[in-house]
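Worksheet: the structure to be examined is printed underneath.
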Amino acid sequence: MKTLKIINTFENEYVLGEAFKAIRTNIMFSSHDTKVITLTSCDARDGKSAVSFEIAKSLSEVGRKVLYLDADMRRSAFVIRHTTEKDLIGLSHFLSGQIEVSEMLYATDIPGLYVIPSGVYPPNPAELLSGPLFGNFIAEVREKFDYIIIDTPPLGIVTDAAICAARSDGVIFLISSENTKIKQAREVKRMLEKTGTKLIGCILNKVKYKGKRSYYKKGYYRYGY
């Protein structure tokens with residue numbers, strides 16, 4: 001199994017680390033059988049992929065075996081943001097029948113954290129996710145990992161996240177204080193509820209808060225429904 005070196009992209013690591021610890025605690029106490037978790041948002045600018053990966057990393061830091069699954073087969077940010085590797089084999093290759101699960105699974109230099117990249121962008125991502133291979137795959141990795149964090153495209157734009165949510169134990173809805181409109185948030189929440197999957201909670205992203213030197217920074221906060 002190949003090992004990926006992960007690039008850290010966040011400044012203000014201490015402040016953000018504390019925020020993600022709070023999110024991690026809420027996830028771990030949400031339910032003992034909440035293992036497969038989908039994250040989505042309204043818009044591509046909300047910061048969903050960065051937050052998804054940091055949640056997966058935070059869970060691995062307390063000794064959990066965690067899989068970060070990049071299911072954004074339309075405009076993935078993982079490869080650009082978190083590794084210098086190019087042309088990684090991933091989910092699209094598997095769902096189109098070209099490879100086995102073991103061929104798309106990568107270890108990382110973070111103990112306990114594993115990654116499955118999105119792969120090349122296919123012309124039919126929603127159809128691939130709707131097929132039987134994806135459901136069987138989720139059932140398989142559920143038995144091997146403590147948590148599976150699924151990063152999906154924004155549900156406010158495409159339906160892929162709803163398909164992933166229907167295969168999950170819970171959903172986290174990320175909202176941006178800068179970009180998300182109330183009408184958008186209500187519509188995405190309604191779409192998530194139609195999947196029948198438990199809505200674990202919401203992360204309010206890109207919030208301004210006052211730092212030590214009396215200037216405002218951006219951070220991540222979580223509140224529950």
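Sequence positions, counted from 1, serve as the residue numbers for this chain. We use all heavy atoms of the structure for the numbers below, so side chains are in, but hydrogens, waters and symmetry mates are not.
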Can you tell me how far apart [atom1] ([X]) and [atom2] ([Y]) are? Round to the nearest 0.5 Å.
{"X": "Ser130", "Y": "Leu95", "atom1": "OG", "atom2": "CG", "result": "10.0 Å"}
{"X": "Ile110", "Y": "Ile6", "atom1": "CD1", "atom2": "CD1", "result": "5.5 Å"}
{"X": "Ile150", "Y": "Leu69", "atom1": "CD1", "atom2": "CG", "result": "5.5 Å"}
{"X": "Lys21", "Y": "Leu59", "atom1": "NZ", "atom2": "CG", "result": "13.0 Å"}
{"X": "Glu140", "Y": "Leu133", "atom1": "CD", "atom2": "CG", "result": "10.5 Å"}
{"X": "Cys164", "Y": "Leu129", "atom1": "SG", "atom2": "CG", "result": "4.5 Å"}

Between Tyr114 and Phe145, is the ring centroid distance below 6.0 Å?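 Close enough - the centres of the two rings lie under 6.0 Å apart.
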Looking only at heavy atoms, which two atoms of [X] and [Y] are closest? And how far apart?
{"X": "Arg142", "Y": "Arg167", "value": "NH2-O, 4.0 Å"}
{"X": "Thr195", "Y": "Ala165", "value": "OG1-CB, 4.1 Å"}
{"X": "Phe173", "Y": "Lys189", "value": "CE2-N, 4.3 Å"}
{"X": "Asn205", "Y": "Gly47", "value": "ND2-CA, 3.8 Å"}
{"X": "Met104", "Y": "Ile99", "value": "CB-CD1, 3.6 Å"}

Do the charged groups of [X] and [Y] touch, with an N to O distance under 4.0 Å?
{"X": "Asp46", "Y": "Lys48", "value": "no"}
{"X": "Glu193", "Y": "Arg190", "value": "no"}
{"X": "Lys2", "Y": "Glu85", "value": "yes"}
{"X": "Asp146", "Y": "Lys35", "value": "no"}

Side chains of [X] and [Y]: does their closest heavy-atom pair fall under 4.5 Å?
{"X": "Phe53", "Y": "Val115", "value": "yes"}
{"X": "Leu204", "Y": "Ser177", "value": "yes"}
{"X": "Asp169", "Y": "Thr197", "value": "no"}
{"X": "Tyr147", "Y": "Met28", "value": "yes"}
{"X": "Pro154", "Y": "Cys42", "value": "no"}
{"X": "Lys183", "Y": "Arg186", "value": "no"}
{"X": "Tyr106", "Y": "Thr3", "value": "no"}
{"X": "Leu67", "Y": "Leu113", "value": "no"}

Begin from the C-alpha positions of Ser118 and Asp72 and carry the test side-chain contact (heavy atoms from CB on, under 4.5 Å) through to its verdict. CA-CA 6 Å; Ser118 64; Asp72 189 347; 5.5 Å; no
Any side-chain donor paired with an acceptor under 3.5 Å for Ser60 and Lys65?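 Absent: no donor and acceptor within the cut-off.
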Between Gln98 and Ser96, is there a side-chain donor-acceptor contact under 3.5 Å, judged purely by atom types and distance?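 Distance-only check passes for Ser96 and Gln98.
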Given the rule that I, L, V, M, F, W and Y join up when any side-chain heavy atoms are under 4.5 Å apart, are [X] and [Y] in one cluster?
{"X": "Val120", "Y": "Leu91", "answer": "no"}
{"X": "Leu192", "Y": "Val158", "answer": "no"}
{"X": "Met1", "Y": "Val66", "answer": "yes"}
{"X": "Val51", "Y": "Val62", "answer": "yes"}
{"X": "Leu128", "Y": "Phe134", "answer": "yes"}

Backbone of [Y] reached by a side-chain donor or acceptor of [X] within 3.5 Å:
{"X": "Glu103", "Y": "Glu100", "value": "yes"}
{"X": "Ser58", "Y": "Ile55", "value": "no"}
{"X": "Thr40", "Y": "Pro153", "value": "yes"}

Tell me whether the rings of Tyr68 and Phe78 are parallel (<30°), tilted (30 to 60°) or perpendicular (>60°).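 It falls in the tilted class, 30° to 60°.
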Steps toward side-chain contact (heavy atoms from CB on, under 4.5 Å) verdict (Ile172, Thr38): CA-CA 6 Å; Ile172 295 176; Thr38 289; over 6 Å; no
Assess the residue pair Asp160 and Leu155 against the criterion (side-chain contact (heavy atoms from CB on, under 4.5 Å)); give the C-alpha distance rounded to whole Å, side-chain angles, the decisive distance to 0.1 Å, and a yes or no. CA-CA 7 Å; Asp160 302 23; Leu155 187 53; over 6 Å; no
Is atom CG of Asp87 surrounded by more than 12 heavy atoms (other residues, nucleotides or ligands) closer than 6.0 Å?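 Counting neighbours around CG of Asp87, 12 or fewer heavy atoms of other residues, nucleotides or ligands fall under 6.0 Å, so no.
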Looking at Asp151, Thr152, Asp70, which one forms a side chain to side chain donor-acceptor pair (under 3.5 Å) with Ser49?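 For Ser49, the side chain to side chain donor-acceptor pair (under 3.5 Å) check succeeds only for Asp151.
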What verdict does the side-chain contact (heavy atoms from CB on, under 4.5 Å) test give for Ile138 and Val36, after you've listed the backbone C-alpha separation in whole Å, the side-chain angles of each residue and the deciding distance to 0.1 Å? CA-CA 8 Å; Ile138 292 296; Val36 183; 4.3 Å; yes
Could you please spell out the steps behind the side chain to side chain donor-acceptor pair (under 3.5 Å) verdict for Lys198 and Thr34? CA-CA 9 Å; Lys198 175 175 63 177; Thr34 302; 2.9 Å; yes
